[in-house]
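Everything on this sheet refers to the single structure shown next.
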Amino acid sequence: MSLNFSEIEKKWKKYWKDNNTYNVDIDENKKKYYVLDMFPYPSGAGLHVGHPLGYIASDIYSRYMKMKDFNVLHPMGFDSFGLPAEQYAIQTGIHPADSTEENIRRYKGQLSNLGLNYDWSREVRTSDPGYYKWTQWIFARMFEHYYNIKLQKADSIDNLIKEFEKDGNLFVDAFCSEERKFTAAEWKNMSDKEKDNVLMNYRLAYRKIGHVNWCEALGTVLANDEVKDGVSERGGHPVVKKPMNQWSLRITAYAERLLNDMDEIDWSDSLKTMQRNWIGRSEGLQMFFELEGNSEKLEIYTTRPDTIFGVTFMVLSPEHPFVGMLTKPEYKKEVTEYRNYAQNRSEIERTSEKKVTGVFTGSYAINPLNGKKIPIWVSEYVLMDYGTGAIMAVPSDDDRDRAFAEKFNLHVIPVIDKTNYPGSTSKDKEGIMINSDFITGMEVPDAINAVIERVESLGIGKKQINYKLRDANFSRQRYWGEPFPVIYDKNEVAFLLPDDELPVELPSLDEFKPSTDGKSPLARNAGWVNEYEGFIRETDTMPGFAGSSWYFLRYMDPHNENEFASKEAMEYWQDVDFYIGGTEHAVGHLMYSRFYHKFLYDLNFVPTKEPFKRLVNQGMIQGVIEFLYLKKEKVNEISVFVSADLIPKDEVEDYAKIPVYIGFVKEYGSLNSYLDKAGIDQFRNWRKEYQNAEFVTSVGTYKGEDSGSFDNFKFYTLSEIGKMSKRYHNVVNPDDVVAKYGADTFRMYEMFLGPIEQSKPWDTKGIDGIGKFIKRFWGLFVSRDDNWLVTDTRAGDDELKLLHKTIKKVTEDIKNLSFNTAISAMMVFVNDAKKMNINSSEVLIPMIKLIAPFAPFISEELWHKAGMEGSVHHQLFPEYDEKYLRESMVSYPISVNGKKRGVEQFPKDMPKEDLQRKALELDYIQKWLQGKNVLKVIVVPGRMINIVVK
RNA sequence: GCCGAAGUGGUGGAAUUGGUAGACACGCUGGACUCAAAAUCCAGUGAUAGCGAUAUCGUGUGGGUUCGAGUCCCACCUUCGGUACCA
């Protein structure tokens, strides 16, 4: 056997490691290029076949850029803080640091099996104290800064204090949680606690009351995805929103810059749109409505001031502070019940269901522009976190308001006439105002301005820019995250620990469960909490994004103990040229990273405004989840599973779906996937609680070994496409695929599956095609009896044409990340080269270099077999030469009325008139023209000819 | 619900700016080699009708624009991702 991939892989993995083939350093003589993967969370399930999709793509690209003579930084690391390790620790008592270490070891082994060209000397881990020292350090800088609107950048809080001492905050223009004006004298008279409270309103890292998902029964705070239908996913206990003092980051201060600077970066339009919508900038009107029989005023925000004469009711969020006050006694019961109901529903549930819910408070507001009485309702579709938590509802021109009005029989007053704007929806700001007092007859945009002007002149509101983007909650009641470098005095005033005490290391614990009062597990360690006399420590930890929002900078200088990265390193590497990762990070991670980067830019710590120049979201490789249907009700105390083919659609509700390990399933992933007898026995052994379960199939019920002969029965499973995850027992390990087919084949197969941005379920159908291709490619160089076939003969023109055509196509496709078509071009090359019996080194040696980024192992082997020195991965990429690609003839499709009737070869430079004449003369075209008039002939030179007849 | 993406043969997918739909693979069918199998090689393969040349239909559904639509516009259906404490 002449191609032994496992030996080749072993040999070159060692060679690359021994020779530091993939290590990089600053080299002023070369242009830098920074290729970055989103670093993984090292989960206990190990790397699955979905992860490498992006890694292989970035590997090919960085290898290509190296061969184009760039100095390429291509590092990898681990986002190693996180919830799963902590939950695992709670279950098993194994310290998260230990399980994380073990998982990382496994991940690195799996990554190296794929032949990825990472510079491992630059590895970073977010849970490493040497790393999170700087995560804490950045937090400390945010605490010490506020956002100065005049300067349009972060500014030191010391400057702000100086300003307060001079003029109070009368002339301060800054992002602020709560604007309350005070003079210098008032400032000086404040207690330390009061001063601290005021400064908290300005700091970029600040404390405020936030709401968490609190589960009393579990005694813990839950993540949103641990809450389903208002109860905990684990155990099904009730979950409520609980107010707690939490750290936040004032990302809203950067909203405008996050929006505007997107013009400078090369991201897909869809991604930019997602970010824009997430920021959700809107211009509108903030205004007050008076309340009937109440001196308070209700503040609302609207983007459609033009519709103010169509307001027929007001809606408050259930959490709105006015709800209690406004509820009349006769409505108290209903409103209280409604608030309780809304309290344990997630934001997604509250806004996504079509169900319309709400209650009347019994109170009325007054429309300030026409004095009309407007009933005030409470409904969960209004969120407390956006705008002011209260809206003026205009059922004529807002879909949700209309649905609400229909359900509760509320008035509708049409205010916009859209007859001149066909196809215009209620969201489009166009039309002519009707039934609208002084703005009747105006166009919508004019009406908006007119109403704003009127409201401002009445002194009851002002024009305002709002963002959907909210400040980032920065506190987690968890163990496995970065501790805060913060202590509190007895008045709960927060102080930073000095920089030279960083990192604040995570103290060791024996018990990782949260403490029962909703505090983080760290609160259990009294010695640590009270280490500073007269102070107590912050016991919450930072969220995942604290470490992952700046890791790309640390790679530039990962071992620096004095700075998060040296000026020199950042001046050279600048920013990430090409970032690749999953769409699931399209908003959160990217938004936070951009915010962190901009903050560091303001402080002159980084040289660029944006961290990621070009970004591509690779699709997900999904798994197939195999479920068994289990009757929700036990029958005579016995669990009963029913084959999927026996369950009518309308009875599916009566069954629970139990995921089964895919290794037990026959015809896994297909519509006909099933368990046979052996599979069921495996399942019963695996899930002990179902050891005595019964399995109903169309040929009878299987109850275990002694239940008669059912040798050929099929118990059908339900196959669904979804995430590859430990909880679904459907993880496919790349190691197994690599061992069976070889790393080069695995790499090329994942790339050949389709466009990099597209998601698709994992499937090994077709991997043989790539295996065959690699063997055939190898076969161009090495005969079956291991003879070297390449000779020094000169290549013919047609051979060179084939080579240069392939180089051109592959080069262009790599640039466009169209790896699947690049591979197909190489397949075409191999097919043609076989037919042409090519053996000239002039053609074949460049092909080794061309395939090198895709198949690093066999290309390295062939390179050395050819007697070449050094690594093929340090060679220059082949260039194509146009002179070999010239064609003299073009084949023209000839159509009649747009239907192709034939194909004809014509010289490349034949004039239009000749093409037309020749086409019309063709016999088979004449046939289609019989008895018709030729209206015109469309000739697109180099493309096609179309004859229009009637 | 809202935001984003996708939908093309039996399957994965290909198709610069609207210009030869189905490249390249998988699978399948037939053949060569073989005692046989595997491997390899050769030929065929969207559907329907026809011996055939050929004709008609065909890119989720329904409309539209155009000499010409997978590609552009409108409406809809289905699937996937995100939705702020999973990472």
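Letters go in sequence order (proteins before strands), and every chain restarts at 1.
Rounded to a whole angstrom, the distance from the C1' atom of rA38(B) to that of rA32(B) is 16 Å. Using atom C1' as the reference point in both rG7(B) and rG12(B), the two lie 14 Å apart (nearest Å). One P atom belongs to rA14(B), the other to rG58(B), and the distance between them is 23 Å to the nearest Å. To the nearest whole angstrom, the two P atoms, one in rU17(B) and one in rA6(B), are 14 Å apart. Separating the C1' atom of rG13(B) from that of rA23(B) is a span of 10 Å, rounded to the nearest Å. Between rG52(B) and rU34(B), the two C1' atoms lie 37 Å apart (nearest whole Å). The same atom, C1', is picked in rC28(B) and in rG46(B); the two are 14 Å apart, to the nearest Å. Taking the C1' atom of each, rG10(B) and rU54(B) are spaced 26 Å apart, rounded to whole Å.
Atom CH2 in W778(A) sits roughly 18 Å away from atom C1' in rA39(B) (whole-Å rounding). Following rounding to the nearest Å, K899(A) (NZ) and rU66(B) (C1') show an atom-to-atom distance of 15 Å. In this structure, NE2 of H51(A) is placed 13 Å from P of rA87(B), rounded to the nearest angstrom. Atom-to-atom, CG of D401(A) to C1' of rG1(B) comes out at 14 Å; the value is rounded to the nearest Å. In this structure, D269(A) places its CG atom 9 Å from P of rA5(B), rounding to the nearest Å. Taking atom CE of M748(A) as the reference point, atom C1' of rG12(B) lies 16 Å away to the nearest angstrom. Rounded to whole Å, atom P of rC86(B) lies 12 Å from atom CD of Q477(A). Following rounding to the nearest Å, D923(A) (CG) and rU54(B) (P) show an atom-to-atom distance of 13 Å.
For Y132(A) and F81(A), the ring centers sit closer than 6.0 Å to each other. Aromatic ring centres of Y551(A) and F39(A) lie closer together than 6.0 Å. Residues F906(A) and Y892(A) place their aromatic rings such that the two centres sit under 6.0 Å apart. Taking the centre of each ring, F474(A) and F545(A) come in below the 6.0 Å mark. Taking the six-membered ring where the residue is Trp, the centroids of F404(A) and Y381(A) are separated by under 6.0 Å.
Within 6.0 Å of NZ in K272(A) there are more than 12 heavy atoms belonging to other residues, nucleotides or ligands. For Y728(A), the OH atom sits in a loose shell: 12 or fewer heavy atoms of surrounding residues, nucleotides or ligands are nearer than 6.0 Å.
Within the nucleic acid shown, S475(A) comes within 4.0 Å of at least one base atom, counting heavy atoms only. Among the atoms of the strands shown, only primed sugar atoms or phosphate atoms (P, OP1, OP2) are found under 4.0 Å from some heavy atom of W928(A). Heavy atoms of P755(A) sit under 4.0 angstrom from primed sugar atoms or phosphate atoms, though from no base atom. Nucleic acid contact class of Q246(A) (heavy atoms, under 4.0 Å, all strands): base. R276(A) comes within 4.0 angstrom of no nucleic acid atom, judged by non-hydrogen atoms across all strands. Within 4.0 Å (heavy atoms only), V221(A) reaches at least one base atom of the nucleic acid.
Between S818(A) and T821(A), the side chains place a donor N or O and an acceptor N or O closer than 3.5 Å (distance only, hydrogens not considered). Of the N and O atoms on the side chains of N466(A) and R281(A), not one donor lies less than 3.5 Å from an acceptor on the other residue. Side-chain contact annotation: Y579(A) with N617(A), donor-acceptor N/O pair under 3.5 Å absent. Y55(A) and Q618(A) share no side-chain donor-acceptor pair at under 3.5 Å.
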*For the pair S520(A) and D540(A), evaluate side chain to side chain donor-acceptor pair (under 3.5 Å) and give the outcome as yes or no after the intermediate values.*
CA-CA 5 Å; S520(A) 140; D540(A) 284 352; 4.9 Å; no

Report all interatomic pairs (protein N or O, nucleotide N or O of nucleotides 29-33 of chain B) with separations under 3.5 Å.
none

Could you go through nucleotides 81-84 of chain B and list every protein N or O atom that sits under 3.5 Å from one of its N or O atoms, giving the distance for each pair?
from: rG82(B); atom 1: OP1; to: K723(A); atom 2: NZ; distance (Å): 3.3
from: rA84(B); atom 1: O5'; to: N224(A); atom 2: ND2; distance (Å): 3.2
from: rA84(B); atom 1: N6; to: K468(A); atom 2: O; distance (Å): 2.9
from: rA84(B); atom 1: N1; to: R470(A); atom 2: N; distance (Å): 3.0

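You'll find that the side chain of K927(A) is closest to rU54(B), out of rU11(B), rA87(B), rU54(B). Closest contact between the side chain of T273(A) and the listed nucleotides rC3(B), rC86(B), rC85(B) involves rC3(B). The side chain of A223(A) lies closest to rC86(B) when the candidates are rC3(B), rC86(B), rA87(B).
Not a single donor-acceptor pair, N or O on each side, falls under 3.5 Å between the base of rC80(B) and the side chain of Q758(A).
Not counting sequence neighbours, the partners of D399(A) by the side-chain contact (heavy atoms from CB on, under 4.5 Å) test are R402(A), S426(A).
Between L271(A) and K936(A), the residue whose closest nucleotide on RNA chain B is further toward the 5' end is L271(A).
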Using residues 894-903 of chain A as the side-chain source, report each donor-acceptor pair under 3.5 Å to any protein atom, sequence neighbours left out, with the distance given to one decimal.
from: N897(A); atom 1: OD1; to: V949(A); atom 2: N; distance (Å): 3.0
from: N897(A); atom 1: ND2; to: V949(A); atom 2: O; distance (Å): 3.4

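Cation-pi geometry between R594(A) and W267(A) is satisfied (NZ or CZ under 6.0 Å from the ring centre, within 45° of the ring normal).
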*Do nucleotides 17-25 of chain B as a string where each nucleotide becomes B, S or -: B if the base has a protein heavy atom under 4.0 Å, S if just the sugar-phosphate does, - if no protein is that close.*
B-BB--BBS

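Anti is the classification of rG10(B), since its glycosidic angle lies more than 90° from 0.
Salt bridge K809(A)/D813(A): present, at least one basic N to carboxylate O contact under 4.0 Å.
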*State the dot-bracket string of RNA chain B. Criteria: Watson-Crick or G-U wobble, both atom distances under 3.5 angstrom; notation: ( ) intrastrand, [ ] crossing earlier pairs, | interstrand, . unpaired.*
(((((((..(((......[....)))((((((.......))))))((((....))))..(((((..]....))))))))))))....

